[in-house]
Amino acid sequence: MYKSEQLALSLKHLIESGVWKPNEKLPSLRQQAETSGFSLITVMNAYQELEAQGLIYSKEKLGYFMTEDPNTIKIAKTVILNEKIEINSTIFRYLKSIQSEDIIPFGIAFPDSQLLYSPKLMQTLGQRAKHRLSYEQMPSLPPGNLDLRKLIAQRYCMQGIPTDPSDIVITSGGLDALNLSLQTLTKPGDYILLQETVFYGAWQATEHLGLKVITIPVHPEHGLDLDAFKNAITHYPIKVCLLMLNSQNPIGFTVSDAIKLQLAKLLQEHQIYLIEDDVYEELYFGHKKPLSMKYFDQQNRVLHCSSFSKTLGAGFRVGWVYAGKFSESIQHLQLMSTLSVNSFIQNALAEYLSHRYYEKHLKTLRNTLKRLKNQYYQYLIKNLPDNCQVHYYPSGYFLWITLPAYIDGNRVYHHMLEHKVSIAPGSLFYRSEKIPHHIRINCSFELNDKTQNALDLLTQYIAHYESNP
Ligand SMILES: Cc1ncc(COP(=O)(O)O)c(C=O)c1O
């Protein structure tokens, strides 16, 4: 964090606690520099930041004054500006730390590989490998294999989303789809809106592209807080938001159709683009696949990103973006980076998806994940202290756990790692001054002696920590 951000944040806390009355004059720049120990320029930057947030205003030659609008202060409590994101090194260290094969991988982001890589797909890959044409031909250039794009387009059509194969660009996984979409729609210094607690790849992408991030809180009931969303887009010049609305990682919620519809209207009214991260779209437990925002999109404002990483195998690195009118610009960016996605794998996936194997595989995968998630949930609510909250949502394979506020998720992670068990600490998913008191557990692994032992260790450690804070 920059010094000016630090100072702006502590001044914001003072403002929120009511230290200054509406229209009261704030200490002058010089006074503030003396009391805070920061330089004049730092103080000036901090004041300007608070002014941009509408918390204070300036009068020429007179100085800075408190806003008279109490609503702005309420908004400031929920909508947060993060100017300089520095998370990539933390994620890098974390991912390296959990890589070893002898670690029980409750911290990883992919389902147990035993559940992916379906035998039929492996058979298709083997057969394709014998046809030299499938890998000797020219690399499949952007936008990617036409057959595969046709099949993906068909899946959108089945959900009531009219789609042409030319709307789809095949990418190197979902993360590439998100990065390319962001790169297409933003330039460094632009404002982007994220949920407060999100998949760390979103933070990394904003760091990489030098974006200013506005976060809105997660609504405890609806997942997406529409009021905070409205406040954020009216107070900041936001042109793009990146949201997960189905089986959100890490928390797990799925936003209702009613809220999605309202969100679509707001995007339209305020001319905002949405990059929708929907990589868990197939992992629902109910009878009906949740709709994506693309369904509600009348004006081509949604770039829908998804991938086969969570359903067929992360190792294939095949994803896509429903890019619509942005297809060309995304392909241009691809030509300067990955050039093309592995053509052999694309061919094999197209062949596999053209049969009914995929639907059967998805059905089995969903049933297994549902069974495992229920088992882990039952175990955790029985064995964790009562003041821990395990958030259960009927989709995906993550359980998000809120620990008592004094239990540091990072300490739980380090302790478990010493015992060769990984978990994902909350600090990977949000930026907070407070103790990051959350953890995420991947519950896609069958319960056997090893995984059961690992869960016992985890619950015992948390119980011990809870009674010896
Ligand atoms: C929410 C979310 N989006 C995107 C990705 C990246 O997917 P892929 O492996 O296809 O790049 C992940 C992977 O963990 C994810 O959890």
Least distance between heavy atoms, [X] atom then [Y] atom:
X	Y	answer
I108	F398	O-CE2, 3.8 Å
I462	I407	O-CD1, 4.0 Å
L372	S444	CD1-O, 3.3 Å
S422	I98	CB-CG2, 3.5 Å
I435	D408	CG2-CA, 3.4 Å
P162	Y322	O-OH, 3.1 Å

Next item on the list: Hey, could you give me each pair passing salt bridge (Lys or Arg N to Asp or Glu O under 4.0 Å) that has a residue in residues 274-283? Not counting sequence neighbours.
Entry: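 For residues 274-283, and leaving out neighbouring residues, the salt bridge (Lys or Arg N to Asp or Glu O under 4.0 Å) pairs sorted by first residue read R155-E282, E281-K289, E282-K289, E282-R366.
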So, the side chain of [X] versus the backbone of [Y]: is there a donor-acceptor pair under 3.5 Å, distance only?
X	Y	result
R440	L399	no
Y397	A109	yes
S181	L303	no
D297	V302	yes
N231	D227	yes
E34	Q31	no
D167	T163	no
S432	K434	yes
R317	A314	yes
H419	V421	no

Is it true that atom [atom1] of [X] has more than 12 heavy atoms of other residues, nucleotides or ligands lying nearer than 6.0 Å?
X	atom1	value
D386	CG	no
H270	NE2	yes
K96	NZ	no
K25	NZ	yes
Q389	CD	yes
Y295	OH	no

Compare all side-chain heavy atoms of [X] with those of [Y] and state whether any distance is below 4.5 angstrom.
X	Y	answer
L243	L193	yes
I91	W203	no
T215	V198	no
S307	V318	no
T402	C388	no
V390	L384	yes
Q204	I87	yes
W320	S306	yes

Check: How would you list, by chain and number, every residue that makes a ring pair (Phe, Tyr, Trp, His ring centres under 6.0 Å) with H437, sequence neighbours excluded?
Finding: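 Applying ring pair (Phe, Tyr, Trp, His ring centres under 6.0 Å) to H437 gives none.
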Notebook entry, point to check: For Y57, which residues count as a ring pair (Phe, Tyr, Trp, His ring centres under 6.0 Å) partner, sequence neighbours excluded?
Noted result: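 Only F65 meet the ring pair (Phe, Tyr, Trp, His ring centres under 6.0 Å) criterion with Y57.
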Would you check if there is a donor-acceptor pair between the side chains of [Y] and [X] at a distance under 3.5 Å?
X	Y	result
D456	Q460	no
K260	N246	yes
N88	E207	no
H414	N410	no

Next item on the list: May I ask you to check whether Y393 and F285 place their ring centres under 6.0 Å from each other?
Entry: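 Ring-ring flag for F285/Y393: false, centres at least 6.0 Å apart.
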Next item on the list: For this output row, return yes or no: ring centroids of Y47 and Y64 closer than 6.0 angstrom.
Entry: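 Yes; Y64 has its ring centre under 6.0 Å from that of Y47.
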Next item on the list: Apply side chain to side chain contact (heavy atoms under 4.5 Å, CB included) to I168 and V321, showing your working.
Entry: CA-CA 6 Å; I168 309 293; V321 49; over 6 Å; no
Next item on the list: Kindly indicate whether a cation-pi arrangement holds for K239 with Y273, taking the cut-offs as under 6.0 Å to the six-membered ring centre and within 45° of the axis.
Entry: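 No - K239 does not lie over the ring of Y273 by the 6.0 Å and 45° rule.
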Notebook entry, point to check: Quick one: does NZ or CZ of K294 land under 6.0 Å from the six-membered ring centre of Y156, within 45 degrees of the ring axis?
Noted result: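 So K294 doesn't make the cation-pi contact.
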How long is the span from the [atom1] atom in [X] to the [atom2] atom in [Y], to the nearest 0.5 Å?
X	Y	atom1	atom2	value
T67	E51	OG1	CD	11.0 Å
Y430	Q195	OH	CD	15.5 Å
T42	L40	OG1	CG	9.0 Å
K230	I216	NZ	CD1	11.5 Å
L26	Q32	CG	CD	7.5 Å
L194	I214	CG	CD1	9.5 Å

Next item on the list: Test F229 against D225 for side chain to side chain contact (heavy atoms under 4.5 Å, CB included), laying out the working first.
Entry: CA-CA 6 Å; F229 183 85; D225 189 330; over 6 Å; no
Next item on the list: Go through the steps for Y191 and T186 under the test side chain to side chain contact (heavy atoms under 4.5 Å, CB included), then give the verdict.
Entry: CA-CA 8 Å; Y191 285 86; T186 62; over 6 Å; no
Item checked: Worked verdict on T459 versus Y379 for side-chain hydrogen bond (donor to acceptor under 3.5 Å, both in side chains) -> CA-CA 10 Å; T459 49; Y379 173 86; 3.2 Å; yes
Check: Given the rule in the ring pair (Phe, Tyr, Trp, His ring centres under 6.0 Å) test, do Y376 and F445 qualify, once you have shown the distances and angles that lead to the verdict?
Finding: CA-CA 10 Å; Y376 276 62; F445 304 92; 7.9 Å; no
Next item on the list: Report the C-alpha separation of F429 and F199 in whole Å, then their side-chain angles, then the decisive distance to 0.1 Å, and conclude whether the ring pair (Phe, Tyr, Trp, His ring centres under 6.0 Å) test is met.
Entry: CA-CA 6 Å; F429 307 99; F199 165 53; 8.0 Å; no
Next item on the list: For side chain to side chain contact (heavy atoms under 4.5 Å, CB included), just list the numbers for S327 and S166, CA-CA rounded to whole Å, side-chain angles, deciding distance to a tenth of an Å, and then say yes or no.
Entry: CA-CA 8 Å; S327 169; S166 63; over 6 Å; no
